[in-house]
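Just follow the structure's listing: the first ligand is 1, and inside any ligand the first atom is 1. Since the model is a prediction, treat every value here as computed from it, not as a measurement.
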Amino acid sequence: MSILVLNAGSSTLKYALFDELAHEQLARGVIDWQTQSEKVRLELQTQSASQTQSRSDISNNRDAVKWILHVLADINLGESIRAVGHRIVHGGTYFCQPTLINEQVLQSLEQVSKLAPLHNPPALMTIKAAQKYLPEAMHVAVFDTAFFADLPPSAYVYPIPYEWYEQYGIRRFGFHGISHQYCSTRAAEVLGRQYDDSLRLVICHLGNGCSATAVHGGRPLATTMGFTPLEGLMMGTRSGSIDPGILIYLMKQKDFDPEQLDQSLNHQSGLLGVSGISSDFRQIEQASQAKNERAQLAMKLFTERIQSTIGSLAVLLGGIDGLVFTAGIGEHSPLLRSCVCDKLPFLGLKLDEVKNQSAHADCDLATIQSAGRILLIQTREEHMIARETERLLELSQSR
Ligand code: ADP
């Protein structure tokens, strides 16, 4: 018996297969739509081997789920999947805790889909495909917003008419919660500290989507993503925070309609919008090193927004004991970590450049003299989702 996790990101579908108790990872991989080639790539890693496959007929998450199940079946890991854990970015006000997916839950998720247009629609397609191909399995939704259910009101209420909160539910939800929760717990372990003591952490989740969270004594104090995953840091194709007056101007003076604004801010902004080259950070790094001015500007903007966010979160926390870098860019770009940390010594955070260049998962990159630690934590959203799925499975069987 095993548990499959499907994590539909904005540009990837990550998957992982765990044993029945969600302890051991049997296989993991990713389907990546972002590669330069015409073909879509699938990576698979098991405990003993790894392989890559390419296909040109995979156009959406429905095809992708089928492909994953075929690949797992080929190595005799496809049978006996008893549960599937799905990462859902936005549960709106309906959901927070891990939830068994039924028709009614699917309908509610459809309703909140518009709030996370890059994530919820592909996740819904993934759920439906998994239900189709694995009809006997239990399907569980694990929400990215759950960790932030604990945010204090001053962090989730916006300075807008209070009735908007009361009548329309406009509030900060916060996202990447599965990752922020995992990374803050793991950071406490790496630092040899209790999670719930007064440990002050800033977690920077820097992938295609980017967010930062201040965690104090195991609880979220503030986070950058808001009512939707569009707020906060600059991202791959998303703008992050901008002056809302820009939208009013474009609507009133330039006849932009909401659909155009949605498209532009979600899909044509961020690293892609500024550089005009790509949303992929590897390409921005390359172009920037080749002295492309727009790529250099995109790098600088990206870096400075992370730096000023770390500064503001540090003030809320009253100092930082640990700064965590995670997700695609945070884990794999020494250059970005170096640029961000360049301005942080005044906060007592000093990066050891030698350690930074040879970094590996879950290590400390700060100099010995640094007052606060700088950690690279490999985010394991899939592991968290498997654990939550297993917990719900146990609970439903004990009833
Ligand atoms: P998501 O899960 O949101 O799709 P990821 O966490 O996988 O995103 O992060 C994707 C980002 O990580 C991309 O911008 C990619 O370019 C960047 N990335 C991955 N590997 C590297 C690397 N070796 N150096 C720099 N950036 C990298």
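Judged by a 6.0 Å distance limit and a 45° cone about the ring axis, Arg171 is positioned over the six-membered ring of Phe173. Annotation: cation-pi pair Arg172/Tyr156 absent, no NZ/CZ under 6.0 Å from the ring centroid and within 45° of its normal.
Note on ligand 1: Ser333 sits in its first shell, one or more heavy atoms being nearer than 4.0 Å.
The contact set between ligand 1 and Gly209, taken as ligand atoms under 4.0 Å from a residue heavy atom, comprises 3 (O).
At a heavy-atom distance under 4.0 Å, only side-chain atoms of Lys14, from C-beta outward, approach ligand 1.
When the heavy atoms of Ile284, Asn208, Ile329, Leu336 are ranked by distance to atom 8 (O) of ligand 1, first place goes to Asn208. Nearest residue to atom 12 (O) of ligand 1 from Gly330, Gly328, Ala8 is Gly328 (criterion: closest heavy atom).
Crowding of Lys355 atom NZ: a count of heavy atoms from other residues, nucleotides or ligands under 6.0 Å exceeding 12.
At least one side-chain heavy atom of Glu43 sits less than 4.5 Å from a side-chain heavy atom of Thr52.
For ligand 1, the polar-atom distance check against Arg282 finds a nitrogen or oxygen pair separated by under 3.5 Å. Checked by distance only, ligand 1 and Phe281 come closer than 3.5 Å through their nitrogen or oxygen atoms. Considering backbone and side-chain N/O atoms, Asp280 comes within less than 3.5 Å of an N/O atom of ligand 1.
Note on Glu110 versus Lys128: salt bridge recorded, some NZ/NE/NH1/NH2 to OD/OE distance being below 4.0 Å. A salt bridge links Arg186 to Asp362: at least one charged side-chain nitrogen sits closer than 4.0 Å to a carboxylate oxygen.
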